[in-house]
Amino acid sequence: MTTVDIPAGWPATEEEARAVQDGLRARVVLDEPGPPPGTGYVTGVDVAYDDERDVVAAAAVVLDAASLEVVAEATAVGRISFPYVPGLLAFREMPTVLAALDALPRPPGLVVCDGYGLAHPRRFGLASHLGVLTGLPTIGVAKNPFTFTYDDPGAPRGAASPLLAGDDEVGRALRTRAGVKPVFVSVGHRVTLDVACAHTLALTPQFRLPETTRRADSLCRRALQEATTTSA
DNA sequence: GCGACAG
DNA sequence: ATCTTGTCGC
C-alpha cells in the first residue's frame with residue numbers, strides 16, 4: 001500500500017476545479033471503440049473515506065476479463081484532497097486513485113470507475129478525467145441517475161434506455177439483473193457507449209454492480225480500516 | 001432565491 | 001460516501 005500527498009497546485013476552490021475541467025475536456029477521445037469485452041484485463045477502482053480523520057483510501061483491482069478472476073490489486077491512502085461537490089467528484093478521488101493504479105504490477109487495461117464519465121454537467125466526469133490523465137480507456141458505471149433523466153428499461157437483463165441531459169444522450173440506463181434497478185453507464189475515454197455497456201454486462205454475471213467495482217469497493221474499505229486502525 | 005445533485 | 005444487525009426472501 002502506498003501513501004499519497006495532495007499534488008502541488010491541486011485546485012483549492014470550486015472555481016479552479018471547474019476551470020481545470022474546462023481545460024481538459026477537449027482531450028477526451030470518443031472515436032475509439034475500446035477493447036473488446038471478454039478479453040484482456042479490466043480494472044476496477046474505488047475510494048472510501050473517513051472525513052473525521054481526513055483519510056482517503058483507494059483500491060485498484062485487475063480482473064481477467066474472461067474469467068473475472070483477480071490477477072492483481074493495489075491500494076493507496078492519503079489526505080482528502082477536495083470536499084464533496086456534485087460535479088467535482090474527481091478532485092476528491094483522483095490523487096489516491098492514480099497512486100493505486102501506479103502501484104499495480106501490470107497494465108490495467110480498461111478501467112471501470114464508480115461514477116460518471118461523459119454524463120456530467122460539463123461532460124467531464126471522473127471517468128473521463130481519469131482517462132485523460134492516464135491515457136487509458138475508461139468507463140463510468142454509476143448507481144444513481146444523478147441529475148439525468150431516463151425511461152425505465154424493460155425488466156430483462158440487458159435492457160437499456162438512453163440517459164438524457166435534455167436531448168443529449170450522455171449515457172445509458174442498463175439493466176444488469178432482471179427486475180433490479182439499472183446501473184448508469186457512460187463513456188469515459190477511448191471507449192464507445194455500446195462497448196462500455198457490453199463490458200458492463202460481461203462484468204455482471206451475477207450481481208447488479210460490476211465485479212470490478214465490487215472488488216475495488218471491498219478492498220478500499222479494508223485499506224481504509226487498516227489505515228485508520230493502524231498507528232501513525 | 002431554493003432545491004437537487006456521481007461518491 | 002457514511003451511520004449499521006439481523007432478517008425476510010429467493
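Just so we're on the same page: letters track the sequence lines, and every chain starts at 1.
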When rounded to the nearest 0.5 Å, the distance separating OG1 of A:T213 from CG of A:L203 is 9.0 Å
Does atom CZ of A:R27 have more than 12 heavy-atom neighbours, drawn from other residues, nucleotides or ligands, at distances under 6.0 Å?
-> no
Once you round it to whole Å, what is the distance between P of B:dG7 and CG of A:L89?
-> 8 Å
Using atom OH of A:Y84 as one end and atom C1' of B:dA4 as the other, report the distance to the nearest whole Å.
-> 10 Å
Start with the C-alpha gap between A:R175 and A:D152, add the side-chain angles, then the distance that decides, and say whether side chain to side chain contact (heavy atoms under 4.5 Å, CB included) holds.
-> CA-CA 9 Å; A:R175 190 89 64 188; A:D152 206 49; 3.1 Å; yes
Indicate, with a heavy-atom threshold strictly under 4.0 Å, whether A:L88 touches base, sugar-phosphate, or nothing.
-> base
Picking from A:D54, A:D5, A:D50, what satisfies salt bridge (charged side-chain N to carboxylate O under 4.0 Å, His left out) with A:R79?
-> A:D54
Is DNA chain B part of any stem, that is, at least 3 consecutive Watson-Crick or G-U pairs with both distances under 3.5 Å, and where?
-> none
Ring center gap for A:Y150 and A:F184 short of 6.0 angstrom = yes
Please check if A:V183 and A:V191 belong to a single hydrophobic cluster, counting links between Ile, Leu, Val, Met, Phe, Trp and Tyr side chain heavy atoms closer than 4.5 Å.
-> yes
Distances under 3.5 Å between nitrogen or oxygen atoms of protein and nucleotides 1-9 of chain C:
{"residue": "C:dA1", "atom": "OP2", "partner": "A:K143", "partner atom": "NZ", "Å": "3.1"}

Would you please test A:L224 and A:R221 for side chain to side chain contact (heavy atoms under 4.5 Å, CB included) and show each step?
-> CA-CA 5 Å; A:L224 179 66; A:R221 291 195 199 212; 5.7 Å; no
Electrostatic pair A:E226:A:R222 at N-O distance under 4.0 angstrom | no
Select base, sugar-phosphate, or nothing to describe what A:G87 touches, counting heavy atoms under 4.0 Å on all strands.
-> base
Note: A:L101 and A:A60 closest approach over all heavy atoms is CD2-CB, 4.0 Å
For the residue pair A:Y116 and A:F148, categorise the inter-ring angle as parallel (less than 30°), tilted (30 to 60°) or perpendicular (more than 60°).
-> perpendicular
Return the value, rounded to whole Å, for the distance between atom OH of A:Y150 and atom P of B:dC5.
-> 12 Å
Euclidean distance, A:S81 OG relative to A:I6 CD1, rounded to 0.5 Å = 5.5 Å
Distance check: side-chain N/O of A:N144 vs OP1/OP2 of B:dG7, anything under 4.0 Å?
-> yes
In whole angstrom, what separates A:L163's CG from B:dA6's P?
-> 12 Å
Convert the base pairs of DNA chain C into dot-bracket notation, remembering that pairs crossing earlier ones are written with [ ] and that bases paired across to another strand are shown as |; include only Watson-Crick or G-U pairs under 3.5 Å.
-> ..........
Please report, rounded to the nearest Å, how far the P atom of B:dG7 is from the CZ atom of A:F91.
-> 18 Å
